[in-house]
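Written out below as structure tokens is the structure these notes cover.
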Amino acid sequence: MLLSGKVSIITGGSMGIGKAIAAAFLREGSSCVIIARGEDALAATVRELAAIGPPVKAFAGDVSNEQDVAELIDFALEEFGTVDVFVNCAGVLGPIGQSTEVDPGRWWKTLEVNLLGTFLCCRAALQAMVPQQKRGKIINLSGGGAAAPFPGFSAYAASKAAVVRLTETLAEEYKQYGIDINVIAPGAVNTRLLDQMLDAGEAAGPEQTQRALKQKEEGGASPELAAELAVYLASSRSDGLTGKFLSAVWDDWRSLPDRIDEVMGSDLYTLRRVT
């Protein structure tokens, strides 16, 4: 029970990777608050997750709305008295197509959800965690385009790359408070975002469409793998590991408990230019 007695908030927790993380946290003993915009999906997910054991509560709200985020933190504190772990999993794919063809308003809205939403949630979580004295974990979710170009998905790619650098920056700002802040690349998981890519047809481009079709057929990466990494990053086993960008699929993160000092003394798992 790596998270026994902890209180966690997971955005985008009603489906996909967020739901898998919430289930994993509950199995490890953490009470959870899950937030999403869809009340029906939230209610159904809470009913399903309640069977695991620890308390799980739902909060309907928009992560890009500052008032909603403030009320989310207040709700968690009223229900459980503390916030130990915050996971930013909510996100949108945004407009698909060549950058000269997509709508600028939709492009900017993608950044409002994926980047501003992550910032607002991190900010509110930090305000709750700093007074707790030397404890707190924040886990952000990155994605396609953060480490390599993602043609046809410029808003999504730009927002997810920015989330990585935001994570690194916040980690430096708040490491003095014992708060660890890291970011996960979950891999190519079959979620509603994949279905949106396939529905986009020609706008996604032939290469991306072919890749998406192959992923759909082969099953994609397991959301439980990202959830397992999230459990590690939320637990005391990762204490001192902060500002790192970890691939759930490709990085040797299971060996991290034995080499945190080594990793923290290097540029490994960061956004850096390599010569």
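Along the sequence shown, residues carry numbers from 1.
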Working for side chain to side chain contact (heavy atoms under 4.5 Å, CB included), residues Ser255 and Asp258: CA-CA 6 Å; Ser255 70; Asp258 298 323; 5.7 Å; no

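- In plain terms, the two heavy atoms of Lys244 and Asp267 that are nearest each other are NZ-C, 4.4 Å.
- Expressed to the nearest 0.5 Å, how far CG of Leu166 lies from CD of Glu173 amounts to 8.5 Å.
- Just one residue in the list Thr118, Ile139, Ile184 forms a side-chain contact (heavy atoms from CB on, under 4.5 Å) with Asn88, and that residue is Thr118.
- If you run side chain to side chain donor-acceptor pair (under 3.5 Å) between Trp107 and each of Ser154, Ser159, Ser99, only Ser154 comes through.
- Two residues are said to be in side-chain contact when any heavy atoms from C-beta on lie closer than 4.5 Å; Leu229 and Asp251 fail this criterion.
- Counting heavy-atom neighbours within 6.0 Å of Gln127 CD, excluding the residue itself, gives a total above 12.
- Note on residues 68-80: pairs passing side chain to side chain donor-acceptor pair (under 3.5 Å), not counting sequence neighbours, are Gln67-Glu71.
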Report the C-alpha separation of Asp84 and Arg135 in whole Å, then their side-chain angles, then the decisive distance to 0.1 Å, and conclude whether the side chain to side chain contact (heavy atoms under 4.5 Å, CB included) test is met. CA-CA 7 Å; Asp84 300 299; Arg135 64 186 174 92; 2.3 Å; yes

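- Ring planes of Tyr156 and Phe150: perpendicular class, angle over 60° (limits at 30 and 60°).
- Counting only distance, with no hydrogens or angles, the side chain of Lys137 and the backbone of Val87 share no donor-acceptor pair below 3.5 Å.
- You'll find the side chain of Val163 reaches within 4.5 Å of the side chain of Leu115, heavy atoms only.
- Between the side chain of Gln132 and the main chain of Val83, a donor-acceptor pair closer than 3.5 Å is present.
- For the pair Tyr174/Val130, a side-chain contact is recorded, criterion being any heavy-atom separation below 4.5 Å from C-beta on.
- Looking at every heavy atom in both residues, Ala146 comes nearest to Leu271 through O-CD2, 3.9 Å.
- The distance from atom CG of Leu42 to atom CE of Met15, rounded to the nearest 0.5 Å, is 8.5 Å.
- Between Val249 and Pro186, the closest heavy-atom pair is CG2-O, 3.7 Å.
- Of all non-hydrogen atoms in Thr110 and Gly94, the two that sit nearest each other are OG1-CA, 3.1 Å.
- When all heavy atoms of Ala128 and Pro131 are compared, the pair lying nearest together is O-CD, 3.5 Å.
- Heavy atoms from other residues, nucleotides or ligands lying under 6.0 Å from CG of Asp252 number more than 12.
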Review item, side-chain donor-acceptor pairs of residues 20-34, under 3.5 Å, at least two apart:
from, atom 1, to, atom 2, distance (Å)
Glu28, OE1, Leu2, N, 2.7
Ser30, OG, Lys6, O, 3.2
Ser30, OG, Ser8, OG, 2.8

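- Linking ILVMFWY side-chain heavy atoms closer than 4.5 Å, directly or via other members, places Ile10 and Met1 in two distinct hydrophobic clusters.
- Between the side chain of Thr11 and the main chain of Ala90, a donor-acceptor pair closer than 3.5 Å is present.
- One N or O on the side chain of Ser238 and one on the backbone of Leu233 form a donor-acceptor pair closer than 3.5 Å.
- Here the CG atom belonging to Leu126 is positioned 4.0 Å from the CD1 atom belonging to Ile138, to the nearest 0.5 angstrom.
- Within 6.0 Å of the CZ atom in Arg259, the count of heavy atoms belonging to other residues, nucleotides or ligands exceeds 12.
- For the atom pair CG of Leu49 and NZ of Lys19, the computed distance is 6.5 Å after rounding to the nearest 0.5 Å.
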Evaluate Asn114 against Lys160 for side chain to side chain contact (heavy atoms under 4.5 Å, CB included), listing each step before the verdict. CA-CA 7 Å; Asn114 294 352; Lys160 290 301 185 177; 4.3 Å; yes

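- Within the 4.5 Å cutoff, the side chain of Met264 has heavy atoms near those of the Thr242 side chain.
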Worked check of side chain to side chain contact (heavy atoms under 4.5 Å, CB included) between Trp253 and Asn182: CA-CA 12 Å; Trp253 52 266; Asn182 295 287; over 6 Å; no

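- Criterion: ILVMFWY side-chain heavy atoms under 4.5 Å apart, direct or through other members. Under it, Leu77 and Leu120 are part of a common hydrophobic cluster.
- The two residues Asp62 and Val69 come nearest to each other via the heavy atoms O-CG2, 4.3 Å.
- Tyr269 has its side chain within reach of Leu256: a pair of non-hydrogen atoms, C-beta onward, lies under 4.5 Å apart.
- A distance of 4.0 Å separates CG in Leu141 from SG in Cys89, rounded to the nearest 0.5 Å.
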